[in-house]
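Per chain, numbering begins at 1; letters A, B, ... match sequence-line order.
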Amino acid sequence: MKQQLEQLLLAALRGLPAGTLPEPPDPAAISVERTRDPKHGDFATNVALRLAKPARRNPRELAQAILAALPPNELVARTEVAGAGFINFFLTADAYSQELARVHALGDRYGRSDLGKGQRVMLEFVSANPTGPLHVGHGRQAAYGATLANLLNAVGYSVSREYYINDAGRQMDILAVSTWLRYLEQGGEKLPFPANGYRGDYVFPIAAQLRTKVGAEFHRPATAVLANLPEDAPAGDKEIYIDALIERARELIGTDGFRRVLEVALERMLADIREDLEQFGVSFDRWYSERALGDSGAIDRALERLKTQGRLYEKDGATWFRATQFGDEKDRVVVRENGVKTYFASDIAYHLEKRERSFERLIDVLGADHHGYVARVRAGLEAMGEPGDSLEVNLVQFVSLFRGGEKVPMGKREAQFVTLRELRDEVGNDACRFFYLMRSHDQPLDFDLELAKSRTNENPVYYIQYAHARVSSVMKMLDARGFEFDREEGLANAALLGGEHEQAVLNSLARYPEALELAATNRAPHALVHYLRELANTFHTYYNAEQFIVADPKLRNARLALVEAVQQVIRNGLTLLGVSSPESM
RNA sequence: GCGCCCGUAGCUCAGCUGGAUAGAGCACCGGCCUUCUAAGCCGGUGGUCGUGGGUUCGAGUCCCGCCGGGCGCGCCA
């Protein structure tokens with residue numbers, strides 16, 4: 001509807017007498033908006049206000065001229081010039097009847113568009129280090145990323161979802177040594193656990209699995225493990241201590257043995273993360289390993305590319321990238337003094353590699369604490385000759401859990417208490433996805449566990465689902481009363497849907513494609529949540545005001561066609577959000 | 001200190017990229033079940049949009065200063 005109106009308006013502007021406008025109209029600058037007040041019609045535009053100045057005309061006068069040039073059409077019943085120079089459009093009842101028919105004809109596809117024109121988008125999200133289970137913050141990123149992928153897909157982008165596995169760095173060595181120490185404990189050794197190790201309970205089953213795999217092969221006495229190690233925190237440095245411990249492990253069980261421990265831990269963690277996300281309804285097209293990236297030589301190639309462009313220099317034994325030349329606040333190390341490439345080096349290599357796989361747009365969903373690093377990755381891309389604006393980063397703010405008004409403590413140490421899995425188990429997937437998505441991602445989220453769990457009217461999840469279930473209930477009752485629903489007859493009599501509430505429902509329905517487009521282009525799933533709430537609200541109001549199952553078959557079928565369309569649109573929307581659409585509640 | 005995000009009803013938040021009288025939910029008060037699910041509907045109470053300037057026909061929205069909150073500023077990942 002909106003698009004059709006914009007086309008009409010553009011035609012009108014082009015049809016104005018020569019010399020009215022200083023320059024030909026820019027299609028992108030023409031916007032038609034839904035009105036807030038029905039008195040102002042269905043849609044309104046401010047073009048006359050915007051063009052009044054350059055055209056050196058009175059806005060209302062210009063608005064009249066534009067209306068005079070509006071091509072004849074079946075969409076607009078009448079128009080008016082209002083206020084300072086707004087043009088209001090009142091649509092025909094037929095325009096809404098046609099939209100209703102479109103919902104039924106398109107079904108699951110209603111609302112979809114080709115706005116993205118098939119542009120290839122790489123959406124990277126979650127990408128949590130496989131050193132522990134996902135926590136509630138990752139859950140928000142998962143829900144956001146998965147829904148954003150659905151939204152972009154729905155408006156015509158070709159989206160690829162990717163999880164980047166940081167399986168190459170020192171943190172993996174720390175996980176491996178933590179696993180090995182628990183394994184030794186389970187083998188009867190008494191050892192202190194390092195301050196900087198992974199202390200979570202999830203390490204115990206990994207250690208147990210290691211034992212079923214290798215038996216006592218990697219068992220070493222505690223005395224050998226602990227001999228001549230530096231002091232751990234608090235007296236000593238926990239970083240130095242853990243590095244020495246890793247080195248000791250390699251000495252005692254061999255580099256190869258250590259790698260095998262690491263493999264067991266990595267595989268187990270990845271399997272856990274994967275299963276967690278799958279159960280949450282979040283899937284990826286590819287799990288991309290940082291190690292595989294390094295093995296493929298991609299990192300070396302990226303560094304080579306920077307070098308030939310003259311963007312690298314040596315200082316203090318390390319290799320630096322001139323990020324400051326590309327807007328970053330300081331230069332960045334890519335190869336450390338000890339010869340190890342930094343995480344940043346593999347990260348820009350990964351982003352370059354995405355571009356080489358011919359993705360036009362790269363979207364990263366990251367935790368808010370990663371914002372400092374957007375500028376440097378973009379700098380890296382630009383230095384390698386890629387457009388900086390091909391990378392878009394959406395930062396997801398933190399999640400705070402509340403239980404009965406009390407904030408649940410979630411320091412880095414205690415974070416393991418509140419995993420995504422625990423949250424899902426407690427409140428259920430639907431409430432979980434819904435609560436994650438109902439607030440803007442760039443707003444910190446207060447997640448109220450009691451509210452999410454409550455089966456009362458305080459819980460907003462049910463409000464939308466209930467509207468869906470109510471329609472199913474109506475259809476069941478129809479059957480029980482011995483009626484049959486004749487959709488064709490209903491659509492043919494859509495003109496009977498002239499009541500105030502019916503108009504409101506038709507209006508809400510027709511807004512779905514616009515809501516979808518808005519949510520996708522603004523990367524704002526919460527906009528869809530708000531739309532669905534409004535749609536459910538107009539439906540519930542209608543439900544309370546009118547009987548659908550009436551004696552007159554024409555009116556009955558028309559009303560049923562209307563509420564069935566509501567159900568369809570709610571289902572389409574909830575599906576994009578990853579929330580189920582129950583038939584009964 | 002520098003950078004990013006933010007400040008809207010008692011609470012939690014929307015506000016469609018600058019439009020017409022600032023909106024929801026919860027909470028609170030009052031109504032609606034012999035009628036398709038009351039997890040619902042209707043009405044009411046509640047606002048100097050943190051603050052001071054600026055830009056213009058028009059600012060919650062854009063720019064600058066200040067106040068307050070969150071996060072980030074490693075040869076860690």
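- Within the nucleic acid shown, A:A480 has no heavy atom closer than 4.0 Å to any nucleic acid atom.
- In RNA chain B, runs of at least 3 stacked Watson-Crick or G-U pairs (N1-N3 plus N6-O4 or O6-N4, or N1-O2 plus O6-N3, all under 3.5 Å) give these stems: B:1-7 with B:67-73, B:10-13 with B:23-26, B:28-32 with B:40-44, B:50-54 with B:62-66.
- By the side-chain hydrogen bond (donor to acceptor under 3.5 Å, both in side chains) test, A:D232 pairs with no residue at all, sequence neighbours left out.
- Using a 4.0 Å cut-off, no side-chain N or O of A:K39 falls inside it from OP1 or OP2 of B:A20.
- Under the 6.0 Å cut-off for aromatic ring centres, A:Y144 and A:Y436 do not qualify, their centroids lying 6.0 Å or more apart.
- A close approach under 4.0 Å does not occur between any side-chain nitrogen or oxygen of A:T342 and OP1 or OP2 of B:A77.
- The side-chain ring of A:F86 is stacked on the base of B:A20, judged by centre separation under 5.5 angstrom and plane angle under 30 degrees.
- Going from the P atom of B:U8 to that of B:U12 covers 9 Å, rounded to whole Å.
- Between A:Y463 and the phosphate of B:C41, there is a side-chain N or O to OP1/OP2 separation shorter than 4.0 Å.
- Among residues two or more places apart in sequence or in another chain, the salt bridge (Lys or Arg N to Asp or Glu O under 4.0 Å) test is passed with A:E353 by A:R357.
- A search for salt bridge (Lys or Arg N to Asp or Glu O under 4.0 Å) contacts involving A:K2 returns nothing, not counting sequence neighbours.
- The closest side-chain donor-acceptor pair between A:E290 and A:Y350, if any, does not fall under 3.5 angstrom.
- Atom C1' of B:G23 sits at a distance of 44 Å from the matching atom of B:A77, rounded to the whole Å.
- Distances shown here put a side-chain N or O of A:Q443 below 4.0 Å from the OP1 or OP2 atom of B:A14.
- Residues from residues 515-535 of chain A lying near RNA chain B, meaning a heavy-atom separation below 4.0 Å, are A:L518, A:N522, A:H526, A:H530, A:R533 in numerical order.
- Residue A:N537 places at least one side-chain N or O under 4.0 Å from the OP1 or OP2 atom of B:C41.
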Between the protein and nucleotides 61-63 of chain B, which nitrogen or oxygen pairs are less than 3.5 angstrom apart?
none

